[in-house]
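Labels below follow one simple rule: chain letters A, B, ... track the order of the sequence lines, proteins then strands, and each chain is numbered from 1.
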Amino acid sequence: MNIENFLKEKITSAIQVIFDFEPENNMLQFQQTRKEFEGDITFVVFPIVRYTQKSPEDTARMIGEYLVTDEGIIEKFNVVKGFLNLTITISWWINNLKEAFKNERYGLKEATEDSELVMIEYSSPNTNKPLHLGHIRNNLLGFSLAEILKGNGKRVVKTNIVNDRGIHICKSMYAWQQWGEGRTPESTGIKGDHLVGDFYVMFDKQYKKEIAELVAKGFSEQEAENCALSILAVRELLRKWEAGHKGTVELWKMMNGWVYDGFNVTYRNLGVDFDKIYYESETYLSGKEEVLRGLKEGIFYQKDDSSIWADLTSEGLDHKLLLRSDGTSVYMTQDIGTAKMRFNDYPIDKMVYVVGNEQNYHFQVLAILLDMLGYDWGRELYHFSYGMVELPTGKMKSREGTVVDADDLIAEMIEVARKMGEELGKLEGLSEEEAERTYKIIALGALKYFILKVDPRKNMTFDPKESIDFNGNTGPFIQYTHARIRSVLRKAIDANINISADFNGIKTVEEKERELLKTISLFPETVEEAAMEYSPAVLANYCYELTKHFNQFYHEHSILNEPDLDKRNFRLVLSDVVSEILRNGMGMLGIELPERM
RNA sequence: GCCCUGAUAGCUCAAUUGGAUAGAGCAACGGCCUUCUAAGCCGUAGGUUAUGGGUUCGAGUCCCGUUCAGGGUACCA
């Protein structure tokens, strides 16, 4: 039960009886009562005063008096200016706690066969270099979003579109042919994606060198970029690939295979996965077909150089290239093809693209183009646009070697977690294997929480040295609190204490307990809000609030040593519900909670 | 040039979408381990919400101007 909705009904009828008019839903505004005032929830009367013909104070007081006499929900009230502070009866809070206790999936909704089907595309890597910090944000957001939507009763298909073809992978292939000497991940012990990335860097160096030489000989920069020997060789490779040349295709397959093996390790470490993977090498032709169909039907037009374009001026945008003059496809072409294939493969109700905000324009155009091509779902595409991850020194630039590699970062985090854990002397009773597993959970918890707690739409700063902390508003803080709760519950079971929701004698609770009861009651709407806003951050910040409140409660009140059995039971149930919510909430963020730490 | 974002404590982030005296953590300083886990708790200090105007009972939030930063802008993805 949601207290807000419940009160909305009550207040609507109160207003009808007292002031003889029916308020619209958006006039009924609630907020948490601020700490300095007495009460649990506050009704803001300003929006309705113009209809009540009374002062804000009188309006609030009259509604308050009505609510108190009505039923046993509101215990008392007070009025400050236009704010009606309501104190909910303790029995309502206790009932809510009992409901949460008996329902393991409190606050979550179950999907049924006819629930909305949402496809979420995320990750979407290129196969020429390893994943970096920017990809980590993408992967964590995409995965978490999928889990949040599941928690809201949607059916979800997680998908990944791998950009496995094009000029970028040919650069690595060329470098490998030139200087690879047959090296493989096995022969070198280097993770496949990193090995291929190394060749990409090698190419780039060579290319730059050639350009510099040409410029020194008097060529313009642009000319140099286009006629350097290495780039010509790479273009030749791409042509051979598109023509299906056997050796080229085999090399391409082999090197991409290395990359996928590497990516899979990173994905596994991050704890993300996919239900369906698409490859651009398999979708780009379908995109070409669509563009050609559009041309035939007069939706698009062709220039003299035979390139194909869409005229978007009626939408207030420019003209958009869809096929190059040499007939090869561009990014947009591929996305059209991929979208079409997906809607053929699944009965998708909603398509979500988790892609950085630098591509806002791209997705605006994609939606319009699909609409022009006659797909009624085109306009419904949702671009979940997130901000970039910046370093204290500025943007990550691969050319300047300032990219933070995903694998390195994860390894480093685990190292720090282990060092800290050993210093604190935790986990001493555990086997080495278990301890190692726990350190990994903590390290990833820190990383994931750090990234997910910030508003996805905003750019964020990541300081690899200082930003990742294990104290304060962090993943480990929440994990730690959970571990403590579990420890108490274990001890209760060891002492043969049966945890049951049978504590009817409780008439009053301490302030911190009341605080916790309130926060617990907010979980269902937080889950809903996180899904509506597409924001894991909402959930993360809630988990922190709850954890903080629990710690304060835990510090002031003993649980197992409480002599009053009714009270002890109540506190055990309270603790159990908090740990359950944390597990469900953090679970939707992809963050594991260890039993001990 | 044009278009889109953003700017909140020294740093990293919040602020229930227009509500009460703008909140947390980090860093700094001062307390609390003989008591269910101190990765914790309590306290002190830190703010003209970039800036100037406007809208109204009420603005960090909405509108206009300015400054700064980031992104996009037709054959990169």
- prompt: Roughly how far apart, to the nearest Å, are B/rA9 and B/rA28 at atom C1'?
  reply: 13 Å
message: How would you summarise protein contacts on nucleotides 72-77 of chain B per nucleotide, using B for base, S for sugar-phosphate only and - for none, with heavy-atom distances below 4.0 Å?
response: SSBBSB
task: Write down the partner of B/rU61 under the Watson-Crick or G-U wobble criteria, each distance required to be under 3.5 Å.
output: none
message: When the C1' atoms of B/rG25 and B/rA45 are compared, how many Å lie between them, rounded to an integer?
response: 16 Å
- line: Nucleotide by nucleotide, nucleotides 15-20 of chain B touches protein heavy atoms under 4.0 Å in the pattern (B base, S sugar-phosphate only, - none) -BB-BB
- prompt: Between A/Y480 (OH) and B/rC36 (P), how many Å, whole number?
  reply: 11 Å
query: Which part of the nucleic acid does A/H482 contact within heavy-atom distance under 4.0 Å: base, sugar-phosphate only, or nothing?
result: nothing
task: Just name whichever nucleotide pairs with B/rC41, Watson-Crick or G-U, keeping both distances under 3.5 Å, else none.
output: B/rG31
A/S487 vs B/rU37: side-chain N/O to OP1/OP2 distance below 4.0 Å: yes
message: If you assign each of A/S558 and A/K453 to its closest nucleotide in RNA chain B, which residue comes earlier from the 5' end?
response: A/K453
task: Not counting sequence neighbours, which residues clear salt bridge (Lys or Arg N to Asp or Glu O under 4.0 Å) with A/E242? List them please.
output: A/R165
Touch class at under 4.0 angstrom, heavy-atom based, for A/A537 against every strand present: nothing
field: Of the listed nucleotides B/rU37, B/rC41, B/rC13, the one nearest the side chain of A/M460
entry: B/rC13
- prompt: Whole-Å distance between B/rA39 C1' and A/K548 NZ?
  reply: 13 Å
query: If the C1' atom of B/rG30 is compared with that of B/rG70, how far apart are they to the nearest Å?
result: 41 Å
task: Quickly work out the A/Q479 CD to B/rA38 C1' distance and round it to whole Å.
output: 18 Å
query: Does A/W309 have A/K320 sitting over its ring (NZ/CZ under 6.0 Å from centre, angle to axis within 45°)?
result: no
- request: State whether A/K208 and A/D204 are salt-bridged, where the test is any N-O pair (Lys NZ or Arg NE/NH1/NH2 against Asp/Glu carboxylate O) under 4.0 Å.
  value: yes
task: Kindly state whether the ring of A/F553 and the ring of A/F550 have centres lying under 6.0 angstrom apart.
output: yes
message: Under 4.0 Å from OP1 or OP2 of B/rC36: is there any side-chain N or O of A/R568 that close?
response: no
- line: Between CD of A/E390 and P of B/rA7 the distance, given in whole Å, is 13 Å
query: Would A/F523 and A/Y542 count as a close aromatic pair, with their ring centres under 6.0 Å?
result: yes
- request: Select one nucleotide: of B/rC26, B/rG71, B/rG23, the one nearest the side-chain heavy atoms of A/M388.
  value: B/rG71
message: Considering every strand and a 4.0 Å limit on heavy-atom distances, what is the contact class for A/M597: base, sugar-phosphate, or nothing?
response: base
message: Side chain of A/H555, heavy atoms from C-beta onward: which of B/rG23, B/rC41, B/rC26 has the nearest atom to it?
response: B/rC41
query: Between A/Y534 and A/F384, how do the two ring planes meet: parallel, tilted or perpendicular, split at 30° and 60°?
result: tilted
- request: Between B/rA14 and B/rC26, how far apart are the C1' atoms? Round to whole Å, please.
  value: 14 Å
field: Integer-rounded Å distance: B/rC13 C1' and A/I478 CD1
entry: 14 Å
field: Pair A/F46 and A/F83, ring centroids less than 6.0 Å apart
entry: yes
- prompt: P atom, B/rG19 versus B/rA77: distance in rounded Å?
  reply: 45 Å
For B/rC26, the Watson-Crick or wobble partner whose two distances fall under 3.5 Å: B/rG10
Rounded distance (Å) that lies between atom C1' of B/rC3 and atom CG of A/L317: 10 Å
- request: Can you tell me the distance, in whole Å, between the OH atom of A/Y439 and the P atom of B/rA39?
  value: 13 Å
message: For the C1' atoms, the ones on B/rA74 and on B/rC2, what distance do you get once it is rounded to whole angstrom?
response: 14 Å
- prompt: What distance do A/E390 atom CD and A/T402 atom OG1 have between them, rounded to the nearest 0.5 Å?
  reply: 11.5 Å
Chi-based syn or anti call at B/rU17, which uses purine or pyrimidine torsion atoms and a 90° bound: syn
B/rC68 and B/rU51, which share atom name C1', separated by this distance in whole Å: 11 Å
- request: For B/rC64, decide between syn and anti, treating a glycosidic angle within 90° of 0 as syn.
  value: anti
query: Now, which nucleotide makes the Watson-Crick or G-U wobble pair with B/rC2, with each of the two distances under 3.5 Å?
result: B/rG72
query: Per the salt bridge (Lys or Arg N to Asp or Glu O under 4.0 Å) rule, which among A/R486, A/R437, A/R484 passes with A/E595?
result: A/R486
Ring-ring centroid check A/H168 A/Y200, cutoff 6.0 Å: no
message: For B/rG18, give the paired nucleotide (Watson-Crick: N1-N3 plus N6-O4 or O6-N4; G-U: N1-O2 and O6-N3; both under 3.5 Å), or none.
response: none
message: When both hydrogen-bonding distances must be under 3.5 Å and the geometry is Watson-Crick or G-U wobble, what is B/rC36 paired with, if anything?
response: none
task: To the nearest Å, give me how far apart CD (A/Q364) and C1' (B/rG71) are.
output: 14 Å
message: So that I know where these two stand, are A/Y382 and A/F363 an aromatic pair - ring centroids less than 6.0 Å apart?
response: no
message: Taking the C1' atom in each of B/rG65 and B/rA22, what is the distance between them to the nearest angstrom?
response: 26 Å
statement: d(A/L86 CG, A/F30 CZ) to nearest 0.5 Å is 7.5 Å
